[in-house]
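To keep things clear, I will list the structure first and then write my remarks on it.
Proteins come first, then strands; the chains are lettered A, B, ... in the order of their sequence lines, and each starts at number 1. Every value quoted in this text rests on a predicted model; they were computed, and no experiment measured them.
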Amino acid sequence: MNIKSVRGVHDILPAEAPLWQRLESAARRVFGAYGYREIRLPLFERTELFARGIGEVTDIVQKEMYTFADRTGESLTLRPEATASVLRAYIEHGLHVQPKPVKLYTMGPMFRYERPQAGRYRQFHQLDVEAIGEDHPAVDAEVIGMLVRFFAELGLADRLALHINSLGDGVCRPAYRERLVEYLRQHAARLCAECRDRTERNPLRVLDCKKPECRPVLDQAPSLLDFLCDPCADNFTRVRAYLDAMGIRYVVDRRLVRGFDYYVRTAFELLTTELGAQNAVAGGGRYDGLVALLGGPPDAATGFAIGMERVVLLLGGTTTPCPPAAFLIPLGDQALTRLLAVAQEVRERGVPIELGYGTRKLRAELERAHRLGVDHVVIVGETELGREEAIIREMKSGSQRTVRLASLGDELAALPERASSTGATALRSEGAAACEVGSAAVTSPEHP
RNA sequence: GUGACCGUAGCUCAAUUGGUUAGAGCACUGGACUGUGGCUCCAGGGGUUGAGGGUUCGAUCCCCUUCGGUCACCCCA
């Protein structure tokens, strides 16, 4: 039996990889402009880190972690999210001595043992951002502004809605929670079984229930926003004022909640209606208690995570490779030897070259060149070799010219540039179909 | 973890109530066309019908199990 990939994981094939490169380069560009620096982290940590950092009673820790014992018997876990690792590194390497806030981003795969579904996988990827050591509401607004800018950069701004809320803090939330539980118990008869159960376990999440029969009760439920203590209310007002000043549109969504106690005040999500049940493309908020909980200084922190698969789904489509500048067709072994050397030289100069291997008929090679979409083809057979010449054929017109074999490299390097030399996206000269060059595409200094 | 639907070639899909050698298009390779592409035609390579078991003279089709996919619940990115 053939070996197949594991459930819930997927390969990112060449047709799709340029989309990911586009995401990654947009992230580096945008986050860099806001002063964020990349941190690269291990994919697994001691299980204890996640158990403490995410919360023992959460679904993630209770049933979704990829946990295993290494050879010494120590319990390790593939990271289900990045925040705990970022903070662990922040504490472990004393990054807290740097000017605050310490602004970090990281990206890569996360692992959760869940049933796969549209926009949800067992190995998935996140872009993760954390601003640590500053509790000013402007940091929340600034981080949200960066998130919005990132999606604007990708052309997705008008397909996403920004929802924000305030979760209060350790002073005002307990009082609200008590009040909410009281209300939910009163109206338990009109709630679904799940909501009745959650009323005791995790009352804030009840507000999240999507079942229509629960809506009337939940819509009338007391709102956390009405219970915010003065400092939290002021904080939320200021966050919104900053967002308004930046011209960022949002809706205050009082159903937006977080499961863990260390989340305080600002919470936000970017939502879409285009991905089925998985409507959150990015989510974040403030978690002032977490650094201390993990054994660090009492530093405040705020941040967000972007689900990369979900962004790629929104971007949609696939890409076709950009054609090389020229296709070299040797006829026979001797010609191949010469053209291989020429190709090596021209590629050194950053010009993409495709090369035949002299094993097929000229006709077949030309057909292949045509299908690759190349503009120029070089033909060198016995005749040309004998004269130290090469034929350069312009495919569209069919016109050919003969050049000295010795100067073929210069001729090829001087071919008009088709691909955009700046971005990761270029248009084919035919105009219709877009093609992609790798984000590492090089333009040689001699040919800007 | 629960539920529904679905697995046939690299891709998109066929295959009479269960019927003998599982087909087509696209893609790939070659030929018609000895060293000159786009069009056309022909041919070829490719499949343990996801896997395992069962019923049957006979299973892609019916049954069971399992793996995977899709969607939803749960939860989240």
Original post:
A/Gln117 CD to B/rA72 P: how many Å, rounded?
Top reply: 5 Å
Original post:
Base, sugar-phosphate, or nothing: which does A/Tyr121 touch, judged by heavy atoms less than 4.0 Å apart?
Top reply: base
Subject >> Residue whose nearest RNA chain B nucleotide is more 5′ - A/Ile306 or A/Arg360 >> reply: A/Arg360
Subject >> Length of the line joining A/Arg115:CZ and B/rA72:P, which is rounded to integer Å >> reply: 13 Å
Original post:
Hey, can you pull the residues of residues 266-281 of chain A with a non-hydrogen atom under 4.0 angstrom from RNA chain B?
Top reply: A/Gly276, A/Ala277, A/Gln278, A/Asn279, A/Ala280, A/Val281
Original post:
Expressed as a whole number of Å, how far does the C1' atom of B/rG52 sit from that of B/rC67?
Top reply: 10 Å
**OP:** Give one of base, sugar-phosphate or nothing for A/Glu114, where a contact means two heavy atoms less than 4.0 Å apart.
**Re:** base
**OP:** Kindly state which residues belonging to residues 307-315 of chain A come within less than 4.0 angstrom of RNA chain B, counting heavy atoms of the residue only, listed by number.
**Re:** A/Gly307, A/Arg310
Original post:
Are more than 12 heavy atoms from other residues, nucleotides or ligands located less than 6.0 Å from atom CD of A/Glu38?
Top reply: yes
Subject >> B/rG1 and B/rA59, which share atom name P, separated by this distance in whole Å >> reply: 34 Å
Subject >> Nucleotide B/rU66, atom C1' - distance to CZ of A/Arg7 in whole Å >> reply: 11 Å
Subject >> Those residues that, when tested against A/Asp169, pass side chain to side chain donor-acceptor pair (under 3.5 Å) (two or more places apart) >> reply: none
Using distance only, find each side-chain donor-acceptor pair of residues 351-369 of chain A under 3.5 Å and give its atom names and separation, not counting sequence neighbours.
none

Subject >> Side chain A/Thr402, main chain A/Ile391, donor-acceptor under 3.5 Å >> reply: no
**OP:** Kindly give the heavy-atom pair with the smallest separation between A/Tyr176 and A/Ser223, and that separation in Å.
**Re:** CE1-C, 3.5 Å
**OP:** Determine the Euclidean distance between corresponding C1' atoms of B/rC71 and B/rG58; express it in Å to zero decimal places.
**Re:** 37 Å
Subject >> Listed once per pair and sorted, the ring-ring contact (aromatic ring centres under 6.0 Å, His included) pairs that draw on residues 187-217 of chain A, sequence neighbours left out >> reply: A/Tyr183-A/His187
Got a list of side-chain donor-acceptor pairs under 3.5 Å for residues 323-344 of chain A, not counting sequence neighbours?
unit_1, atom_1, unit_2, atom_2, d
A/Thr337, OG1, A/Asp333, O, 2.9
A/Arg338, NH1, A/Glu388, OE2, 3.0
A/Arg338, NH2, A/Glu388, OE1, 3.2

Subject >> Letter per nucleotide, 5' to 3', of nucleotides 33-45 of chain B [B base touched, S only sugar-phosphate touched, - untouched; heavy atoms, 4.0 Å] >> reply: B-BBBB-------
Subject >> Span that lies between the C1' atom of B/rG25 and that of B/rG46, in whole angstrom >> reply: 16 Å
Original post:
With side chains defined as the heavy atoms from C-beta onward, is the minimum distance between A/Glu309 and A/His125 less than 4.5 Å?
Top reply: yes
Subject >> For the student: nearest non-hydrogen atoms of A/Val291 and A/Ala301, plus distance >> reply: CG2-CB, 4.4 Å
Subject >> Nearest-angstrom distance from the residue atom CZ of A/Arg122 to C1' of B/rC74 >> reply: 14 Å
**OP:** Report yes if a side-chain nitrogen or oxygen of A/Arg79 is closer than 4.0 Å to either non-bridging phosphate oxygen (OP1 or OP2) of B/rA77; otherwise report no.
**Re:** no
**OP:** Might you point out which heavy atoms bring A/Val239 and A/Ala141 nearest each other, and give the distance in Å?
**Re:** O-CB, 4.2 Å
Original post:
A/Phe150 has an atom CZ; how far is it from atom P of B/rA77, in whole Å?
Top reply: 16 Å
Original post:
So which pairs with a foot in residues 140-161 of chain A pass ring-ring contact (aromatic ring centres under 6.0 Å, His included), sequence neighbours left out?
Top reply: A/Phe31-A/Phe150
Subject >> Gap in Å between the two P atoms, one belonging to B/rC64 and one to B/rC26, rounded >> reply: 39 Å
Original post:
Quick one: which of A/Arg88, A/Arg79, A/Arg52 gives a salt bridge (Lys or Arg N to Asp or Glu O under 4.0 Å) with A/Glu45?
Top reply: A/Arg88
**OP:** Determine the interatomic distance between P on B/rA15 and the same-named atom on B/rC61; round to the nearest Å.
**Re:** 14 Å
Original post:
Is there a donor and acceptor pair closer than 3.5 Å between the side chain of A/Arg120 and the base of B/rC74?
Top reply: yes
Original post:
Quick one: does A/Arg112 reach the base of B/rA77 with a side-chain donor-acceptor pair under 3.5 Å?
Top reply: yes
**OP:** Send over the distance from A/Leu256 CG to B/rA77 P, rounded to a whole Å.
**Re:** 11 Å
**OP:** May I have the distance from A/His10 (atom NE2) to B/rG68 (atom C1'), rounded to whole angstrom?
**Re:** 16 Å
**OP:** Give the nucleotide from the list B/rU70, B/rC73, B/rA77 with an atom nearest to the side chain of A/Pro116.
**Re:** B/rU70
Can you give me every donor-acceptor pair (side chain of residues 107-115 of chain A, partner residue at least two apart or in another chain, under 3.5 Å) with its distance?
unit_1, atom_1, unit_2, atom_2, d
A/Arg112, NE, A/Pro80, O, 2.8
A/Arg112, NH2, A/Pro80, O, 3.0

**OP:** Just need the stems in RNA chain B: three or more back-to-back Watson-Crick or G-U pairs, each with both distances under 3.5 angstrom, sorted by first number.
**Re:** B:1-7 with B:67-73, B:10-13 with B:23-26, B:28-32 with B:40-44, B:50-54 with B:62-66
**OP:** With C1' as the reference atom in both, quote the distance from B/rG31 to B/rG68 in angstrom, rounded to an integer.
**Re:** 41 Å
**OP:** Assign the ring pair A/Tyr121 / A/His10 to parallel, tilted or perpendicular, where the plane angle (0 to 90°) is split at 30° and 60°.
**Re:** tilted
Subject >> Between B/rA77 (C1') and A/His125 (NE2): distance, integer Å >> reply: 12 Å
Original post:
Which part of the nucleic acid, if any, lies within reach of A/Gly8 when heavy atoms closer than 4.0 Å are counted: base, sugar-phosphate only, or nothing?
Top reply: sugar-phosphate
Original post:
Restricting to pairs with a member in residues 266-280 of chain A, which pass salt bridge (Lys or Arg N to Asp or Glu O under 4.0 Å), not counting sequence neighbours?
Top reply: A/Arg159-A/Glu274, A/Arg258-A/Glu269
**OP:** In whole angstrom, give me the gap between the P atoms of B/rC6 and B/rC13.
**Re:** 15 Å
Original post:
Touch check for A/Ala118, heavy atoms < 4.0 angstrom, all strands: base, sugar-phosphate only, or nothing?
Top reply: sugar-phosphate
Subject >> Partner residues of A/Arg254 under the salt bridge (charged side-chain N to carboxylate O under 4.0 Å, His left out) criterion, sequence neighbours left out >> reply: none
